[in-house]
Novice: 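My questions will all concern the structure given below.
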Amino acid sequence: MQYWLFKTEPGSYSWDDLLEDGVAEWDGVRNYTARNYLRAQVKVGDLVLFYHSNANPSGVIAVARVVRDGYPDNTAWELDSDHPDPRSTPDKPLWYMVDIEPVRALTEPLSLQAIKAIPDLADMVLVKNARLSVQPVTRTEFEMIVALGGIDI
DNA sequence: GCCAACGTTGGC
DNA sequence: GCCAACGTTGGC
């Protein structure tokens, strides 16, 4: 069992959207580091901190669960999609995605500001590399954030 | 909207 | 392979 943090701008795909959809294809990731995680390391059953970026405030707002291992992101070769990349083809896919489902919202969303104020969370990738949109989280970090968020998983 | 930090591209 | 120029992300 591994733990991750996925970022999304609520204006493009929010936690409410995931609740409505039930399952989401986490498509559109166009960064090689994030792609490598999605392709090989993010696995069914892993738990995901659901993070809203470019929000008021930005922060972790919920927990989701991976329900499908990495597979090619078909939106890359659909040229009318939101994230086309003609370098990626069905024969040689360049980008990957996983599927996730909602688990539970935090009763107390944990803002980035709050996270940065907690010394034990200072080593989070979120704090050290603000831009990575799929990132590993340690079990300790995950459990701390979930507890601060007021829920039991 | 600004801008710092990070990623990517492409000339050499 | 280096690195300058450009593009993107995301906090504020």
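Here is the naming used below: chain letters follow the sequence lines, and residue numbers restart at 1 for every chain.
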Novice: What pairs of donor and acceptor atoms, side-chain ones from residues 139-153 of chain A against any protein atom, are under 3.5 angstrom apart with sequence neighbours left out?
Specialist:
| from | atom 1 | to | atom 2 | distance (Å) |
| --- | --- | --- | --- | --- |
| R139(A) | NE | E143(A) | OE2 | 3.1 |
| R139(A) | NH1 | Y3(A) | OH | 3.2 |
| R139(A) | NH2 | E143(A) | OE2 | 3.2 |
| E141(A) | OE1 | T138(A) | N | 2.9 |
| E141(A) | OE1 | T138(A) | OG1 | 3.3 |

Novice: Enumerate the ring-ring contact (aromatic ring centres under 6.0 Å, His included) contacts for residues 82-138 of chain A, please, sequence neighbours excluded, ordered by first and then second residue.
Specialist: Y32(A)-W95(A)

Novice: What pairs with N129(A) under side chain to side chain contact (heavy atoms under 4.5 Å, CB included), at least two apart in sequence or on another chain?
Specialist: V125(A), R131(A), L132(A)

Novice: Kindly state each residue pair satisfying salt bridge (Lys or Arg N to Asp or Glu O under 4.0 Å) with at least one member in residues 84-96 of chain A, sequence neighbours excluded.
Specialist: D85(A)-R87(A)

Novice: Suppose we screen for side chain to side chain contact (heavy atoms under 4.5 Å, CB included). Which residues come up paired with A114(A), at least two apart in sequence or across chains?
Specialist: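 Scan of A114(A) (side chain to side chain contact (heavy atoms under 4.5 Å, CB included), adjacent residues dropped) gives L110(A), S111(A).
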
Novice: Does anything in residues 50-60 of chain A pair up under side-chain hydrogen bond (donor to acceptor under 3.5 Å, both in side chains), and if so which pairs, sequence neighbours excluded?
Specialist: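 Of all non-adjacent pairs touching residues 50-60 of chain A, those that pass side-chain hydrogen bond (donor to acceptor under 3.5 Å, both in side chains) are E9(A)-N54(A).
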
Novice: Would you please classify the geometry between the W26(A) ring and the F6(A) ring as parallel, tilted or perpendicular, with 30° and 60° separating the classes?
Specialist: tilted

Novice: For residues 79-96 of chain A, which residues have at least one heavy atom under 4.0 Å from DNA chain B?
Specialist: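 Heavy-atom contacts with DNA chain B come from R87(A).
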
Novice: With 3.5 Å as the limit, what N/O pairs link the protein to nucleotides 9-11 of chain C?
Specialist:
| from | atom 1 | to | atom 2 | distance (Å) |
| --- | --- | --- | --- | --- |
| dG10(C) | OP1 | K7(A) | NZ | 3.3 |
| dG10(C) | OP1 | R131(A) | O | 3.2 |
| dG11(C) | OP1 | Y51(A) | OH | 2.6 |
| dG11(C) | OP2 | N54(A) | N | 3.0 |
| dG11(C) | OP2 | S58(A) | OG | 2.7 |
| dG11(C) | N7 | N54(A) | OD1 | 3.3 |

Novice: Which whole-number value in Å describes the distance from N129(A) CG to dT8(C) P?
Specialist: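 Computing the N129(A):CG to dT8(C):P distance gives 18 Å.
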
Novice: Could you name each residue pair satisfying side-chain hydrogen bond (donor to acceptor under 3.5 Å, both in side chains) that touches residues 60-75 of chain A, not counting sequence neighbours?
Specialist: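 Sorted pair list: R30(A)-D73(A), R30(A)-T75(A), R65(A)-E101(A), Y71(A)-D99(A), D73(A)-T75(A), N74(A)-E78(A).
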
